[in-house]
Enquirer: 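Below is a structure I'd like to ask you about.
This structure is a prediction, so every number in the text was calculated from the model and none was measured. Atom set for the values below is all heavy atoms of this structure, side chains included, hydrogens, waters and symmetry mates excluded.
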Amino acid sequence: MPDLTLTPGLRTAVRRVGLCLAIAAGLFVAAVIGTARSGDRSLWPPPVGSPATEVFVVSHGYHAGIVVPRRALAEQSGRRGLSALGYVATRFAGYDRVEIGWGDEGFYREVPTLKSLTVALALRALLRPGNPSVLHVVGIKDDPRAMFPNSDLVRIDLGEAGFERLADKLDATFTRGPDGVRPEELGPGLYGASLFFRANGAFHVLNVCNHWIAGLLDAAGVPTAPILATLPLGLLLDLEWRSNLVRLPPSRASTP
């Protein structure tokens, strides 16, 4: 049998590697804790029995979006003058909900699926400064689970004040067109009845689609952790761990 005894030099190298990994893990945990947002208990969760608006965070594996009731957007627009949300509610008048995602324009429009992803596109989107962004809006009939049978979905009930703040932040993400009122359409989206819109904000490694969703939830009072939210899985795990939210069970049609 081969001699598996480590030489003194190799043992030292292994200890150093282990120490470096432990330090890196400790720094990561400290950064997550130090930057985590605790939420706003005056906004979320809403008191039992009070009116609530049902939203969903949906993860498609490499990208996440937020699903909101179309009527709630129309109501916010009519009552509070949020013109972009009113325009979206009108454009998707035949649908019960809309899924809205934010991201880098080139990456979002050129990578409809994970198979379309290239290293060059990913590096450019993450590392080049000043990348223009877009919003992707998709009409959903009735149940989001039926629309996204293979995606992870987390339901969040928002109180009136929390949803108002989320709506304000969402409306402000839409870039207005020449009239200064209507959002700027960029053409058909990636799947279903969908459209792209010009968006505010630059996309980069420290401001990805999941950070945008975390910002919406933070505005609504929901605890979030920006570092974990860099990846969709981290965003969902944080919602499960700290907010005691649960993922919807998979669609029966998608189970073997």
Side-chain angles (χ1 to χ4, degrees), residues 51-60 63-113 116 131-149 151 153 155-158 160 162-203 208-210 212-213 215-217 219-220:
T53 300
E54 178 186 76
V55 305
F56 297 86
V57 173
V58 53
S59 169
H60 303 297
H63 180 79
I66 189 164
V67 176
V68 294
R70 187 198 63 81
R71 286 187 179 180
L73 299 184
E75 191 274 334
Q76 289 292 316
S77 174
R79 185 165 60 86
R80 304 176 55 240
L82 303 182
S83 60
L85 299 189
Y87 184 84
V88 168
T90 299
R91 290 290 273 127
F92 291 86
Y95 296 88
D96 302 293
R97 310 173 194 266
V98 292
E99 180 209 16
I100 304 177
W102 177 90
D104 172 75
E105 180 177 3
F107 185 88
Y108 214 153
R109 301 183 76 177
E110 295 176 30
V111 186
T113 66
S116 307
N131 293 311
S133 61
V134 294
L135 286 154
H136 186 245
V137 184
V138 185
I140 299 175
K141 289 280 192 181
D142 193 29
D143 182 15
R145 172 50 78 206
M147 178 73 177
F148 304 118
S151 299
L153 283 160
R155 171 183 165 176
I156 308 173
D157 291 333
L158 301 179
E160 182 177 356
F163 187 74
E164 284 184 356
R165 296 194 183 190
L166 182 146
D168 286 338
K169 198 170 185 68
L170 182 58
D171 186 79
T173 309
F174 286 87
T175 298
R176 269 47 174 187
D179 63 2
V181 177
R182 293 183 299 175
E184 183 181 351
E185 284 192 29
L186 298 176
L190 299 177
Y191 48 83
S194 58
L195 292 168
F196 278 111
F197 293 87
R198 182 76 63 198
N200 292 312
F203 183 97
V208 299
C209 61
N210 314 303
W212 176 75
I213 293 174
L216 294 177
L217 298 179

Enquirer: Rounded to the nearest 0.5 Å, how far apart are CG of Leu135 and CH2 of Trp212?
Expert: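 The CG atom of Leu135 sits 5.5 Å away from the CH2 atom of Trp212.
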Enquirer: Hey, could you give me the CD1/CG distance between Ile156 and Leu217, rounded to the nearest 0.5 Å?
Expert: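 Rounded to the nearest 0.5 Å, the CD1-CG separation comes out at 4.5 Å.
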Enquirer: Once you round to the nearest 0.5 Å, how far does CG of Leu166 lie from CG of Leu216?
Expert: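 Rounded to the nearest 0.5 Å, the CG-CG separation comes out at 5.0 Å.
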Enquirer: Could I get the full list of side chain to side chain contact (heavy atoms under 4.5 Å, CB included) partners for His63, not counting sequence neighbours?
Expert: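 Checked His63 against side chain to side chain contact (heavy atoms under 4.5 Å, CB included); matches are Tyr108, Cys209.
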Enquirer: Can you sort out the partners of Arg91 under salt bridge (Lys or Arg N to Asp or Glu O under 4.0 Å), two or more places apart, ordered by chain and number?
Expert: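 For Arg91 the salt bridge (Lys or Arg N to Asp or Glu O under 4.0 Å) partners, ignoring immediate neighbours, are Glu185.
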Enquirer: Once ring-ring contact (aromatic ring centres under 6.0 Å, His included) is applied, do any residues pair with Phe163, and if so which ones, sequence neighbours excluded?
Expert: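 Partners of Phe163 under the ring-ring contact (aromatic ring centres under 6.0 Å, His included) test: none.
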Enquirer: So do Val98 and Val67 actually touch side chain to side chain, heavy atoms under 4.5 Å?
Expert: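 The answer is no, as the side chains (C-beta and beyond) never meet within the 4.5 Å cut-off.
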Enquirer: Within the 3.5 Å criterion, strictly below it, is a donor on Trp102 or Ser133 matched to an acceptor on the partner's side chain?
Expert: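 There is such a pair (donor and acceptor under 3.5 Å, judged by atom type) between the side chains of Trp102 and Ser133.
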Enquirer: Ala219 and Lys169: which non-hydrogen atoms are nearest, and at how many Å?
Expert: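 Smallest heavy-atom distance, with atoms named: CB-CD, 4.0 Å.
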Enquirer: Got a second to check how far Leu170's CG is from Gln76's CD, nearest 0.5 Å?
Expert: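 Leu170 atom CG to Gln76 atom CD measures 10.0 Å (nearest 0.5 Å).
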Enquirer: Among Val137, Val134, Thr173, whose side chain to side chain contact (heavy atoms under 4.5 Å, CB included) with Phe197 holds?
Expert: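 Considering Val137, Val134, Thr173, a side chain to side chain contact (heavy atoms under 4.5 Å, CB included) with Phe197 is found only for Val137.
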Enquirer: Please list all pairs meeting salt bridge (charged side-chain N to carboxylate O under 4.0 Å, His left out) that have one or both residues in residues 79-88, counting only residues at least two apart or in different chains.
Expert: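 For residues 79-88: Glu75-Arg79, Arg79-Glu164, Arg80-Asp168.
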Enquirer: Any heavy-atom pair between the side chains of Phe196 and Glu184 that's under 4.5 Å?
Expert: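 Glu184 vs Phe196: side chains apart.
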Enquirer: Return the set of residues passing side chain to side chain contact (heavy atoms under 4.5 Å, CB included) with Ser83 (not counting sequence neighbours), or none when no residue passes.
Expert: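 Expected list: Arg176, Val181.
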Enquirer: Report yes or no: does Arg70 contribute a side-chain atom to a donor-acceptor pair with the main-chain N or O of Tyr95 at less than 3.5 Å?
Expert: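 Yes, because the side chain of Arg70 sits within donor-acceptor range (under 3.5 Å) of the backbone of Tyr95.
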Enquirer: Between Arg165 and Ala220 (side chain of the first, backbone of the second, donor and acceptor by atom type, cut-off under 3.5 Å), is there such a pair?
Expert: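 Checking the backbone N and O of Ala220 against the side chain of Arg165, no donor-acceptor pair under 3.5 Å is found.
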Enquirer: I'd like to check the salt bridge (Lys or Arg N to Asp or Glu O under 4.0 Å) partners of Arg145; sequence neighbours left out, ordered by chain and number.
Expert: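 For Arg145, no residue satisfies salt bridge (Lys or Arg N to Asp or Glu O under 4.0 Å) once neighbours in sequence are set aside.
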Enquirer: Return the set of residues passing side-chain hydrogen bond (donor to acceptor under 3.5 Å, both in side chains) with Asp157 (not counting sequence neighbours), or none when no residue passes.
Expert: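 Counting only residues at least two positions away or on another chain, Asp157 forms a side-chain hydrogen bond (donor to acceptor under 3.5 Å, both in side chains) with Arg155.
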Enquirer: Give a yes-or-no answer on whether the side chains of Thr175 and Asn200 include a donor-acceptor pair shorter than 3.5 Å.
Expert: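 Result is yes, a qualifying pair exists.
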Enquirer: Between Asp104 and Phe203, is there a donor-acceptor pair closer than 3.5 Å when you use the side chain of the first and the backbone of the second?
Expert: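 Pair absent, no side-chain N/O of Asp104 close to backbone of Phe203.
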Enquirer: What verdict does the side chain to side chain contact (heavy atoms under 4.5 Å, CB included) test give for Val68 and Phe56, after you've listed the backbone C-alpha separation in whole Å, the side-chain angles of each residue and the deciding distance to 0.1 Å?
Expert: CA-CA 7 Å; Val68 294; Phe56 297 86; over 6 Å; no
Enquirer: Which residues pass the side chain to side chain contact (heavy atoms under 4.5 Å, CB included) test with Ser194, not counting sequence neighbours?
Expert: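 Counting only residues at least two positions away or on another chain, Ser194 forms a side chain to side chain contact (heavy atoms under 4.5 Å, CB included) with His136, Val138.
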Enquirer: Got a sec, which residues hit side-chain hydrogen bond (donor to acceptor under 3.5 Å, both in side chains) with Arg198, two or more places apart in sequence or on another chain?
Expert: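 Once residues adjacent in sequence are excluded, the partners of Arg198 under the side-chain hydrogen bond (donor to acceptor under 3.5 Å, both in side chains) criterion are Glu105.
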Enquirer: What residues form a side chain to side chain contact (heavy atoms under 4.5 Å, CB included) with Arg182, not counting sequence neighbours?
Expert: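 Once residues adjacent in sequence are excluded, the partners of Arg182 under the side chain to side chain contact (heavy atoms under 4.5 Å, CB included) criterion are Tyr87, Asp179.
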Enquirer: How about Phe92 and Arg97: do any of their side-chain heavy atoms sit closer than 4.5 Å?
Expert: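 They are not in contact (no side-chain heavy atoms under 4.5 Å apart), so the answer is no.
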Enquirer: What's the spacing between Thr53 OG1 and Glu160 CD if we round to 0.5 Å?
Expert: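 Thr53 OG1 to Glu160 CD: 8.0 Å, rounded to 0.5 Å.
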Enquirer: Applying side-chain hydrogen bond (donor to acceptor under 3.5 Å, both in side chains), can you list everything that pairs with Ser59, at least two apart in sequence or on another chain?
Expert: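 Testing Ser59 for side-chain hydrogen bond (donor to acceptor under 3.5 Å, both in side chains), a comparison that skips the adjacent residues, returns none.
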Enquirer: Working to the nearest 0.5 Å, report the span between CG of Leu85 and CG of Leu73.
Expert: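 Between atom CG of Leu85 and atom CG of Leu73 there are 5.0 Å.
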